[in-house]
Amino acid sequence: MAVNGINGAASVYRPLKPGIYAPIPSFFLPVSEDLDILTFESHVARVAAAGVAPVIAGSMGEAIHLSHAERVKLIHAGRKALDNAGFDDVPIIVGTGAASTRETIELGNEAAAAGADYAIVIASGYFAGALTRAALKTFFVEVSQRCPIPVIIYNYPGASGGIDLDSDLIVELATECPNIVGVKLTCGNVGKLTRIAETVSSATWASTYPRKNPHSNFLVLGGFTDFLVPSIFVNGHGAITGLANLAPYTIVKVYQLSEAARKDLSFLPEAQRLQGVIARADYTIAKTSISGTKFLLEKLHGYGGVPRRPLPPIENTAADAIWTHPHTQELARVERELGGKTG
């Protein structure tokens, strides 16, 4: 069977397919703040059942708060949860970005050895002011060359000291680095997504610039769901979105309807209606960040807890406001309907 890694790091090939991915929160036990592995496994299986694949140790997963050993534990737990639930074909993406190129490569090797299928890498923001365009390009080139599994670029200015990779640089990296297989755009720039997607979806691009693994393609993924429908119509490939932890069935449905509408416009009105629901909810819930997502998981499913310190839990007044907000309640209602639940 084909392997994901360029050096045979992964035992099987799990393709990175267009669709919806969720950056999974890392859950912690009260008081000790040790990893709550059982809750983590349960949540990975829950979203996978809705058709959502996991991203582990990303921003939502508080990667910056995790040790190397804890990241490995979460990868093992994620793979176990997927396999036990019958999703052994679902890939695991793992965040491996770090402050230095050296540690980023080290985390990539550790993730591959633990069973990760793909690495997602954010630019280091600690010395953001000193990182020129050339330095940023060198970083991603070197990481992609030395990572034993395929790499996804993670463009998130809010978590990288304001570094915002432009479409020209991302296309250059996609063209010149065959082990880079995608980009996540949490910059929210629809024009950037359009330019990149138009380039990589052209009739000759994939054959002219093949990936290291010839079975792989280059995916262009949004970092929010509030522009999912328009992104699909400009050849985008889906999203990696924190909201999929809360409403996986709804977001997958919007993706499916959008893809169907490209061939049959009769599906578009329902796609647009649900796009409105998730766009309003994404805008409202994203303001509460990790602590808000964990609080809402607690309200919806009875688990979630709080972030690791120094991140504070959501304040009581903000928690009440986000739970009772019409946008949240509308999303919860639609998710119950699409997930086959009542009440």
Side-chain angles (χ1 to χ4, degrees), residues 23 25-26 55-72 74-75 93-112 114 116 118-189 191-193 195-196 218 220-224 240 242 286 289-291 307-312:
S26 298
V55 177
I56 294 172
S59 300
M60 179 65 72
E62 299 179 59
I64 195 69
H65 294 161
L66 301 175
S67 68
H68 285 221
E70 287 177 322
R71 293 170 187 242
V72 169
L74 291 176
I75 297 167
I93 304 171
V94 175
T96 60
S100 68
T101 303
R102 178 189 176 94
E103 188 180 11
T104 301
I105 293 168
E106 182 180 356
L107 286 169
N109 278 279
E110 291 172 357
Y118 300 89
I120 185 166
V121 178
I122 192 170
S124 170
Y126 193 86
F127 294 113
L131 293 181
T132 63
R133 185 184 192 278
L136 288 167
K137 182 175 180 179
T138 298
F139 167 75
F140 281 104
V141 169
E142 185 175 359
V143 167
S144 72
Q145 289 175 340
R146 297 180 61 185
C147 186
I149 50 178
V151 171
I152 301 165
I153 298 168
Y154 181 17
N155 187 54
Y156 183 14
S160 57
I163 293 172
D164 190 4
L165 307 176
D166 63 33
S167 54
D168 288 343
L169 179 53
I170 293 169
V171 168
E172 281 181 34
L173 289 165
T175 300
E176 298 173 17
C177 303
N179 200 38
I180 294 180
V181 295
V183 62
K184 176 189 178 184
L185 298 171
T186 310
C187 52
N189 188 323
K192 184 186 299 184
L193 182 147
R195 290 188 292 274
I196 300 168
F218 188 95
V220 185
L221 301 163
F224 298 98
I240 300 175
S289 192
I290 296 169
S291 62
R308 253 187 189 165
R309 297 188 298 273
L311 274 185

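- For residues 157-166, every residue pair satisfying the side chain to side chain donor-acceptor pair (under 3.5 Å) rule, not counting sequence neighbours, is listed here: N155-D164, D164-K192.
- Smallest separation of non-hydrogen atoms from I75 and A111: CD1-CA, 3.7 Å.
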What's the verdict on side-chain contact (heavy atoms from CB on, under 4.5 Å) for R133 and D168, showing C-alpha distance, side-chain angles and the deciding distance?
CA-CA 11 Å; R133 185 184 192 278; D168 288 343; 4.1 Å; yes
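- The distance from the CD1 atom of I120 to the OG1 atom of T96 is 9.0 Å, given to the nearest 0.5 Å.
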List the steps and the verdict of side-chain contact (heavy atoms from CB on, under 4.5 Å) for E106 and N109.
CA-CA 5 Å; E106 182 180 356; N109 278 279; 5.9 Å; no
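- Taking the charged nitrogens against the carboxylate oxygens, K137 and E172 do have a contact shorter than 4.0 Å, which makes a salt bridge.
- Once rounded to the nearest 0.5 Å, the distance linking OG1 of T175 with CD1 of I170 reads 11.5 Å.
- Side chain of N179 to main chain of C147: a donor-acceptor pair is present (N/O by atom type, distance under 3.5 Å, no hydrogens or angles).
- For E103, the salt bridge (Lys or Arg N to Asp or Glu O under 4.0 Å) criterion is met by no residue, not counting sequence neighbours.
- Judged as a salt bridge (Lys or Arg N to Asp or Glu O under 4.0 Å), and not counting sequence neighbours, the contacts of E142 are R146.
- Annotation: the span from L221 atom CG to K184 atom NZ amounts to 9.0 Å, rounded to 0.5 Å.
- In this structure S167 satisfies the side chain to side chain donor-acceptor pair (under 3.5 Å) test together with R195, sequence neighbours excluded.
- V94 approaches A57 most closely through the heavy-atom pair CG1-CB, 4.4 Å.
- For S26 against L66, the heavy-atom pair with the smallest separation is OG-CD1, 3.8 Å.
- Smallest separation of non-hydrogen atoms from I149 and A112: CG2-CB, 3.8 Å.
- Between the OH atom of Y154 and the OG1 atom of T186 there is a distance of 4.5 Å, given to the nearest 0.5 Å.
- Applying the side chain to side chain contact (heavy atoms under 4.5 Å, CB included) test to I64 and every residue at least two apart in sequence or in another chain returns nothing.
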Output, in order, the C-alpha distance, side-chain angles, deciding distance and verdict of side-chain contact (heavy atoms from CB on, under 4.5 Å) for F139 and T104.
CA-CA 10 Å; F139 167 75; T104 301; 3.8 Å; yes
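- Closest non-hydrogen pair, A98 versus S124, comes out as O-CB, 3.4 Å.
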Evaluate the criterion side-chain contact (heavy atoms from CB on, under 4.5 Å) for residue pair I153 and L185; output intermediate values, then yes/no.
CA-CA 8 Å; I153 298 168; L185 298 171; over 6 Å; no
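- Between the side chain of E110 and the backbone N or O of V72, no donor-acceptor pair lies under 3.5 Å.
- Under the 4.5 Å side-chain criterion, counting only non-hydrogen atoms from C-beta, Q145 is in contact with V141.
- Nearest heavy atom pair, residue I290 against residue S59, reads CD1-O, 3.4 Å.
- Scanning for ring pair (Phe, Tyr, Trp, His ring centres under 6.0 Å) contacts around F224 gives an empty result, with sequence neighbours left out.
- In this structure, the side chains of I163 and Y156 stay at 4.5 Å or more apart for every pair of heavy atoms.
- Taken from CD1 in I93 to OH in Y118, the straight-line distance is 8.0 Å, to the nearest 0.5 Å.
- The OG atom of S100 sits 10.5 Å away from atom CZ of F127, with the distance rounded to the nearest 0.5 Å.
- One N or O on the side chain of R71 and one on the backbone of G95 form a donor-acceptor pair closer than 3.5 Å.
- Side-chain atoms of I180 and I152, non-hydrogen and from C-beta on, never get closer than 4.5 Å to each other.
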